[in-house]
Amino acid sequence: MKIFGFPTSPYVRKTLLIAAEKGVEVELVEATPHKPTPDFLAASPFRMMPAMADGDFMLPDSTAIFMYLEAKYPEPALLPSSPEERGQAMWFDEFADTILANSARGVAFNRYIGPALLGLPVNEEAAGEAEVKAHPALDWLEQQVPEDGWLLSTYSLADIAVACCLRTLAYGMDVKARPRTGAWLERAEARPAWIAVAEKEAAMIEAAKASGHHKAG
Ligand SMILES: N[C@@H](CCC(=O)N[C@@H](CS)C(=O)NCC(=O)O)C(=O)O
């Protein structure tokens, strides 16, 4: 299975992690919305990453890809079984993908991703504005995180989506300052699937820097 994208994106990281948790082998194909290849465009008509190609079947959108993988590879389940927790898992996914991601993007892009990978100057004003918006979301999250274990009764899409977004935010600010959130994130980061994806991400960032792609913008 191919995933198109760049793993500093929380959505791309989310799909890589879901596949890794399920033991599905993935070929990560570097793709950016700015310079889309024909293959990437075929899978993602609106140039958003990630996109997936599983043989001839193509699908964009991290949550759509999650639903596909959960149905195709049901074990280990990444959606809890009760109706209540299923609803909550989708809400955490939505919270991560919209409320949290909106600020993560501004903080991470203006402090790290733009400067390190695209040759852009640090934009502290824009990063600071985004960071102010991140705090209410992080405060709310701190109240949801349990002292031990996961956001819901089992490790699920909820943990994956939120942790992936925090990982992007961490490129530009401290996301472990809140104690429950910090400890929960460290539990998530200790999972073998997370470690494997983090290694892929670090390697792709180093390769992008070394090849000078960032200078070309
Ligand atoms: N709902 C989508 C969001 C994907 C998304 O916004 N991806 C960003 C990268 S982090 C992107 O490709 N943006 C390019 C654009 O907006 O043109 C998902 O879950 O995959």
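In this chain, residues are counted from 1 in sequence order. We count ligands from 1, going down the list as the structure has it; atoms in each ligand are counted the same way. Note: hydrogens, waters and symmetry copies are ignored here, and every other heavy atom, side chains too, is used.
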For this session: Starting from atom 16 (O) of ligand 1, locate the nearest protein heavy atom and write down its residue, its atom name and how far away it is, to 0.1 Å.
Result: M48 SD, 3.3 Å
Seminar exercise, completed: When distances are taken from atom 10 (S) of ligand 1, the protein heavy atom at minimum range is S9 OG, 3.2 Å
Exercise. Can R187 and D159 be counted as an ion pair, charged N to O under 4.0 angstrom?
Worked result: no
Exercise. Do any nitrogen or oxygen atoms of D61 come within less than 3.5 Å of a nitrogen or oxygen of ligand 1?
Worked result: yes
Exercise. Can you find an N/O atom of M49 closer than 3.5 Å to an N/O atom of ligand 1?
Worked result: yes
For this session: Working to the nearest 0.5 Å, report the span between CG of L157 and CD of E21.
Result: 11.5 Å
Exercise. Looking only at non-hydrogen atoms, which of S44, A161, A104, S62 approaches atom 18 (C) of ligand 1 most closely?
Worked result: S62
Exercise. Parallel, tilted or perpendicular for W140 and F92, by the 30°/60° rule?
Worked result: tilted
Exercise. About how many Å separate OG of S9 and CE of M48, when rounded to the nearest 0.5 Å?
Worked result: 9.5 Å
Exercise. Is the number of heavy atoms from other residues, nucleotides or ligands under 6.0 Å of K200 NZ greater than 12?
Worked result: yes
Problem set entry | Numbered atoms of ligand 1 (with element) below 4.0 Å of P50, judged on heavy atoms | 20 (O)
Seminar exercise, completed: With heavy atoms and a 4.0 Å threshold, my read on which part of P33 contacts ligand 1 is side chain
Exercise. Taking the six-membered ring of Y171 as reference, does the NZ or CZ atom of R167 fall below 6.0 Å from its centre and within a 45° cone about the axis?
Worked result: yes
